[in-house]
Amino acid sequence: MASDEEIFEKVQETLVDALGVDDDEVESSATLIGDLGAESIDFLDIVFRLEKNFDIKIPRGELFPENLASADSGFVADGKVTEGGIAQLREKMPHADVDSFAADPQVNKIPDLFTVDMICKFVKSRLN
């Protein structure tokens with residue numbers, strides 16, 4: 001079983017390769033989009049590389065759920081994610097820090113849920 005440090009190092013290496021960023025930019029708290037400059041197309045590459053580097057299978061939409069806050073989801077009102085939406089985020093993204101997000105659930109902050117730490121927790125759950 002891989003240690004948290006080993007998982008982080010492999011995730012860091014994966015993100016450096018996929019996003020063309022420097023090692024020191026890939027910190028646990030770094031957001032994929034805001035801090036590391038990832039775009040939606042990069043998420044496919046990240047998933048592919050994680051599968052290869054960790055020898056795991058990641059079903060589509062499991063690590064990076066799609067349409068979390070689409071207008072027709074019923075989980076958004078006045079630019080904020082509703083209680084039902086928060087519950088949905090907790091269910092779909094148990095490895096993300098939804099509690100911090102819930103304190104100020106602005107729709108435009110959803111991308112901040114996708115952090116290096118979230119990926120590490122997801123991978124760890126897959127390896128165990």
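Below, each value reflects all heavy atoms present in this structure, side chains not excepted, and no hydrogens, waters or symmetry copies.
Rounding to the nearest 0.5 angstrom, the gap separating the CZ atom in F43 from the CZ atom in R60 is 13.0 Å. In this structure, CD1 on I119 lies 9.0 Å from CD1 on I58, to the nearest 0.5 angstrom. Between atom OG of residue S3 and atom CD of residue E9 there is a gap of 7.5 Å, rounded to the nearest 0.5 Å. R49 CZ to D17 CG: the interatomic distance, rounded to the nearest 0.5 Å, is 5.0 Å. Note that CG of L19 and CD1 of I33 are 10.5 Å apart. Values are rounded to the nearest 0.5 Å. Atom CD1 in I86 sits 10.0 Å away from atom NZ in K80 (nearest 0.5 Å).
The closest donor-acceptor contact from the side chain of E25 to the backbone of L36 lies at 3.5 Å or more, if one exists at all. With T82 contributing its side chain and F75 its backbone, the two residues share a donor-acceptor pair below 3.5 Å. Of the possible polar contacts, none joining the N128 side chain to the S125 backbone as a donor-acceptor pair under 3.5 Å is found. The backbone N or O of I7 sits nowhere less than 3.5 Å from a side-chain atom of K124 that would complete a donor-acceptor pair.
Within 6.0 Å of the CD atom in Q106, the count of heavy atoms belonging to other residues, nucleotides or ligands exceeds 12. Other residues, nucleotides and ligands place no more than 12 heavy atoms under 6.0 Å from the CG atom of D55.
Side chains of F122 and M93 form no contact here, defined as non-hydrogen atoms less than 4.5 Å apart. Annotation: side chain of Q12 is in contact with side chain of D23 (closest heavy-atom distance under 4.5 Å). At a threshold of 4.5 Å between non-hydrogen side-chain atoms, the residues L63 and F114 do not count as touching. Between F101 and D112, every side-chain heavy-atom pair lies at or beyond the 4.5 Å cut-off. Looking only at side-chain heavy atoms (C-beta outward), F8 and V123 stay at 4.5 Å or farther from each other. Within the 4.5 Å cutoff, no side-chain heavy atoms of L32 are placed close to those of D42. The closest side-chain heavy-atom distance from D97 to T115 is not below 4.5 Å. With a 4.5 Å cut-off on side-chain heavy atoms, L50 and K10 do not count as touching.
Clustering ILVMFWY residues whenever any of their side-chain heavy atoms sit less than 4.5 angstrom apart, transitively, puts I56 in the very cluster that holds I46. When the side chains of ILVMFWY residues are joined at heavy-atom separations under 4.5 Å, either directly or via intervening members, L127 and V47 end up in a single hydrophobic cluster.
Across all their heavy atoms, L113 and A96 have their closest contact at O-CB, 4.0 Å.
Other residues sharing the hydrophobic cluster of F48, ordered by chain and number and joined by side-chain separations under 4.5 Å: none, the residue standing alone.
Taking the side chain to side chain contact (heavy atoms under 4.5 Å, CB included) definition, one finds that E91 meets it with Q88, sequence neighbours left out.
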